[in-house]
Amino acid sequence: QVQLVESGGGLAQAGGSLRLSCAASGRTSTSYAVAWFRQAPGKEREFVAAITWGGGKSTYADAVKGRFTISSDNASKTAFLQMNSLKPEDTAVYYCATDAYYVAGFELDDALDYDFWGQGTQVTVSS
């Protein structure tokens, strides 16, 4: 079992920045990747960014590309999401997720490939 704890959410003004953290604990030795997803009120959960724990591969949703940066520290099993140039439409609950182990065909941006989820952290961007 893996536990994930997000932190760093809060209130920011449009154009501002926030940095989210995700600390993974438990049986993480075989986990392949970590991702951030978000869900705004009344909307479906959507992919934001993902990275392999080793840092060799990452991908972003088009809506955040160039503004958000995902990084990972494999030794501490902590992931970060640096969010710059925030927009009101970035307002959502942000969740981090990781997998139990790599399987063939793993897609970094597919929520179905992730087995463990954090409780989420609220990000609110005011205009």
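Just so we're clear, the structure is a prediction, and the values are computed from it rather than from any experiment. These numbers come from the heavy atoms of this one structure, side chains and all, not from hydrogens, waters or symmetry mates.
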Non-neighbouring partners of Ala100 that pass side chain to side chain contact (heavy atoms under 4.5 Å, CB included), sequence neighbours left out: Asp115, Phe116
Partners passing side chain to side chain donor-acceptor pair (under 3.5 Å) against Ser17 (at least two apart in sequence or in another chain): Asn84
Which residues share a side chain to side chain donor-acceptor pair (under 3.5 Å) with Glu89, sequence neighbours left out: none
Heavy-atom side-chain contact between Leu4 and Tyr95 under 4.5 Å: no
Disulfide (SG to SG under 2.5 Å) partners of residues 66-119, not counting sequence neighbours, each pair once: Cys22-Cys96
Sub-4.5 Å side-chain heavy-atom contact between Thr124 and Gln122: yes
Gly10 versus Leu18, closest heavy-atom pair with distance: O-CD1, 3.8 Å
Pairs satisfying ring-ring contact (aromatic ring centres under 6.0 Å, His included), at least one member in residues 66-86, at least two apart: none
Heavy atoms of other groups near Tyr102 OH, more than 12 under 6.0 Å: yes
Set of residues satisfying side chain to side chain contact (heavy atoms under 4.5 Å, CB included) with respect to Asp113, sequence neighbours excluded: Phe106, Glu107, Asp110
Side-chain heavy atoms of Thr69 within contact of Tyr60, under 4.5 Å: yes
Closest non-hydrogen atom pair, Gly9 against Val123: CA-CG2, 4.2 Å
Partners meeting side chain to side chain donor-acceptor pair (under 3.5 Å) with Gln39 (sequence neighbours left out): none
Heavy-atom pair of closest approach, residues Ile70 and Ser58: CG2-CB, 4.2 Å
Pairs involving residues 50-62, ordered by first then second residue, that meet salt bridge (Lys or Arg N to Asp or Glu O under 4.0 Å) (sequence neighbours left out): Asp62-Lys65
Heavy-atom closest contact (Val34 atom, Ala79 atom, distance): CG1-CB, 3.7 Å
Partners meeting side chain to side chain contact (heavy atoms under 4.5 Å, CB included) with Arg67 (sequence neighbours left out): Val64, Ser85, Lys87, Asp90
Leu20 to Tyr94 - nearest heavy-atom pair and separation: CD1-CB, 3.6 Å
Counterpart residues, side chain to side chain contact (heavy atoms under 4.5 Å, CB included), relative to Lys43 (two or more places apart): Ala40
Side chain to side chain donor-acceptor pair (under 3.5 Å) against Trp53, all qualifying residues, sequence neighbours excluded: Thr98
Full working for side chain to side chain contact (heavy atoms under 4.5 Å, CB included) between Gln1 and Arg27: CA-CA 6 Å; Gln1 197 73 3; Arg27 302 183 69 174; 5.7 Å; no
side-chain hydrogen bond (donor to acceptor under 3.5 Å, both in side chains) pairs, two or more places apart, involving residues 4-14: Glu6-Gln119
Parallel, tilted or perpendicular, as decided by the 30° and 60° cut-offs, for the rings of Phe37 and Tyr114: perpendicular
